[in-house]
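Here the structure is laid out as structure tokens; the discussion comes afterwards.
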Amino acid sequence: MLELEFSGSVLQAHAGKPFNYHFKLSLSHLGITAIYGSSGEGKTTLLRLISGLKKSQQGTIRFQDTVWQDTEHFISAEHRQIGYVFQESRLFDALTVEANILYGLGGKWKKLSADTKAIVEEVCEQVGISEWLKRYPEQLSGGQQQRVALARTLVCRPQLLLLDEPFSSLGEQGKLTLLRYVSSFTRKHHIPCLFVSHSRFEIESLASHAVLIEQGRVIAQGHVAELVTRLDLGLSHEEQSTSLLKAKVIAHDHEFSLSELSLGKQVVWVRQVDTSIGQKVSLRVFAKDVIVSILEPVKSSVLNHLEGLVSEVELTEESRVLLVITIDKQRVLARITRKSLINLGIKTGQKVYIQFKSVGLGAISINDNPRINNDELHLSH
């Protein structure tokens with residue numbers, strides 16, 4: 001779908017020195033791909049190169065069957081049919097919200113087809129801006145302006161959607177609602193999306209694939225659930241490191257307000273979720289919350305425990321170590337003390353049991369239910 005290789009440098013205004021980059025990337029995933037990294041690692045530079053807003057000294061890029069740049073060709077940004085939502089709204093101050101929304105569609109409501117009108121109405125309603133259509137940007141807050149900018153981009157149904165941390169001015173719940181709507185909209189209209197973020201909460205809630213950027217280089221790419229548990233990457237060593245486990249809702253116990261989820265042949269009980277039987281959810285488990293035992297827990301207040309095999313052990317002289325435990329072909333990251341590792345004699349290939357205090361609902365399946373929130377789901381005691 002998207003293949004690129006860029007080499008060059010860009011002057012960093014804040015640092016007063018050039019930033020060198022060499023990006024090489026091949027993406028075939030149709031859904032949402034997160035571009036993840038710390039501030040100043042080159043995420044925005046990569047998006048500007050893809051969009052055509054910046055031309056690399058040495059670069060090639062092909063999207064689907066069209067060459068956007070090589071040694072002989074360069075297609076400018078306005079001819080790439082890309083939707084780009086920036087960190088700032090970039091609305092037209094002299095136009096109303098409605099006029100801003102319609103700008104990319106020719107500016108005239110009466111000239112739109114019935115299908116396009118329906119999409120505009122749906123997007124405005126779902127993004128939450130229907131009541132502001134007659135206002136001007138200066139009458140809106142920063143977060144409200146970002147909603148308008150997102151709607152303006154979505155209604156045009158671009159071939160490729162680029163999101164450069166556009167929801168930083170929103171609260172977590174508002175951000176999550178918009179991210180899930182973007183996910184639903186891009187799937188429905190078959191629009192691939194690249195989403196820049198330095199928030200693992202966002203990528204774990206939205207993307208199934210991710211590209212990790214560090215010092216102007218792509219250091220890894222793949223499924224988010226795999227990347228967050230790789231011991232050779234920084235994601236697994238962050239204080240809030242997590243694992244993402246795919247589980248299926250198999251039952252609801254209304255008497256005790258619990259839901260039963262299956263991970264292969266094993267089950268987990270959580271506080272009841274508003275999700276239909278058979279739907280899949282992604283459980284976000286913090287590595288620091290995982291308790292590891294070599295004996296099966298008995299007579300514990302914690303209802304749940306899962307059996308797995310230790311597949312990787314981090315070798316370090318630090319006080320804490322990381323384990324990767326495989327459960328039903330899924331990877332769980334556990335952070336324990338090195339003393340516990342030695343005392344328990346834990347080695348690769350060993351059967352262990354894990355318990356965890358609480359989980360959060362991350363990205364949900366293609367048949368997701370927007371009523372599911374991202375609160376912690378405490379395991380049953």
Side-chain angles (χ1 to χ4, degrees), residues 34 36 172 176 199-208 210 222-231 233-250 258-273 275 279-294 296-297 300-314 320-337 340-341 346 351-365 368 372-381:
Y36 181 80
E172 292 297 344
L176 187 62
S199 165
R200 64 183 303 148
F201 166 82
E202 292 178 1
I203 70 168
E204 291 172 358
S205 299
L206 179 67
S208 58
H223 292 280
V224 174
E226 296 174 358
L227 295 178
V228 296
T229 58
R230 276 181 51 178
L231 299 187
L233 298 176
L235 280 169
S236 64
H237 293 81
E238 294 179 355
E239 188 60 32
Q240 297 300 314
S241 58
T242 56
S243 308
L244 297 175
L245 295 177
K246 292 294 182 184
K248 181 187 293 186
V249 179
I250 57 175
L258 299 173
S259 293
E260 184 180 10
L261 313 178
S262 69
L263 285 83
K265 295 181 180 180
Q266 303 188 72
V267 300
V268 172
W269 288 91
V270 299
R271 191 178 67 220
Q272 189 166 344
V273 294
T275 308
Q279 286 191 326
K280 293 181 179 179
V281 297
S282 178
L283 301 178
R284 181 186 290 111
V285 182
F286 286 93
K288 61 183 176 61
D289 289 341
V290 177
I291 301 170
V292 182
S293 173
I294 59 175
E296 184 172 8
S300 169
S301 65
V302 180
L303 181 62
N304 300 283
H305 60 265
L306 299 173
E307 179 183 317
L309 292 177
V310 178
S311 55
E312 294 182 54
V313 177
E314 180 184 42
R320 301 186 301 181
V321 299
L322 288 170
L323 308 178
V324 177
I325 300 166
T326 302
I327 299 174
D328 188 42
K329 300 181 180 180
Q330 301 190 72
R331 294 160 60 88
V332 179
L333 199 64
R335 181 182 291 127
I336 64 174
T337 65
S340 295
L341 177 77
I346 294 176
K351 181 172 73 173
V352 294
Y353 298 90
I354 69 168
Q355 297 171 295
F356 31 90
K357 304 171 187 176
S358 60
V359 297
L361 279 180
I364 39 188
S365 72
D368 55 11
I372 294 178
N373 59 36
N374 208 68
D375 295 336
E376 278 194 335
L377 300 176
H378 292 275
L379 297 183
S380 304
H381 287 243

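Just so it is clear, the structure is predicted and the values come from calculations on it, not from any experiment.
Residues passing the side-chain hydrogen bond (donor to acceptor under 3.5 Å, both in side chains) test with S311, sequence neighbours excluded: T326. Here L233 pairs with L212, I219, A220, L227, R230 under the side-chain contact (heavy atoms from CB on, under 4.5 Å) rule; sequence neighbours left out. Every residue meeting the salt bridge (charged side-chain N to carboxylate O under 4.0 Å, His left out) condition with E239, not counting sequence neighbours, appears here in chain and number order: R320. Legend: residues meeting side-chain contact (heavy atoms from CB on, under 4.5 Å) with Q266, ordered by chain and number and at least two apart, are L306, E307, I327. Taking the side-chain hydrogen bond (donor to acceptor under 3.5 Å, both in side chains) definition, one finds that S340 meets it with T337, sequence neighbours left out. Residues passing the ring pair (Phe, Tyr, Trp, His ring centres under 6.0 Å) test with H237: none are found, sequence neighbours excluded. Applying the salt bridge (charged side-chain N to carboxylate O under 4.0 Å, His left out) criterion to E314, with sequence neighbours excluded, gives no partner residue. With sequence neighbours left out, the side-chain contact (heavy atoms from CB on, under 4.5 Å) criterion links T242 to R200, E204, R284, F286. Under the side-chain contact (heavy atoms from CB on, under 4.5 Å) criterion, A287 pairs with S241, L333, R335, not counting sequence neighbours. Partners of E312 under the salt bridge (charged side-chain N to carboxylate O under 4.0 Å, His left out) rule, at least two apart in sequence or in another chain, are R331.
Nearest heavy-atom pair across N304 and W269 is OD1-N, 2.7 Å. Shown here for P297 and Y353, the closest heavy-atom pair between the two residues is CD-CB, 3.8 Å.
Using a 4.5 Å cut-off on side-chain heavy atoms (C-beta onward), Y36 and V224 make no contact. Counting heavy atoms from C-beta outward, V290 and L323 have side chains that stay 4.5 Å or more apart. For the pair V313/V321, no side-chain contact is recorded, criterion being any heavy-atom separation below 4.5 Å from C-beta on. You'll find the side chain of V324 stays beyond 4.5 Å of the side chain of L322, heavy atoms only.
In terms of modelled atom types and a separation under 3.5 Å, the side chain of S259 and the main chain of V273 share a donor-acceptor contact. Here the side chain of D289 pairs no donor or acceptor atom with the backbone of F356 at under 3.5 angstrom.
The line from CD of Q330 to OG of S282 is 8.5 Å long, rounded to the nearest 0.5 Å. Summarising the geometry, atom CD1 belonging to I336 is positioned 5.0 Å from atom CG belonging to L341; distances are rounded to the nearest 0.5 Å. Rounded to the nearest 0.5 Å, atoms CD1 (I250) and CG (L261) are 7.5 Å apart. Atom CG of L283 and atom NZ of K246 lie 9.5 Å apart (nearest 0.5 Å).
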_Q272 vs L258, test: side chain to side chain contact (heavy atoms under 4.5 Å, CB included). Steps then yes/no._
CA-CA 4 Å; Q272 189 166 344; L258 299 173; 5.6 Å; no
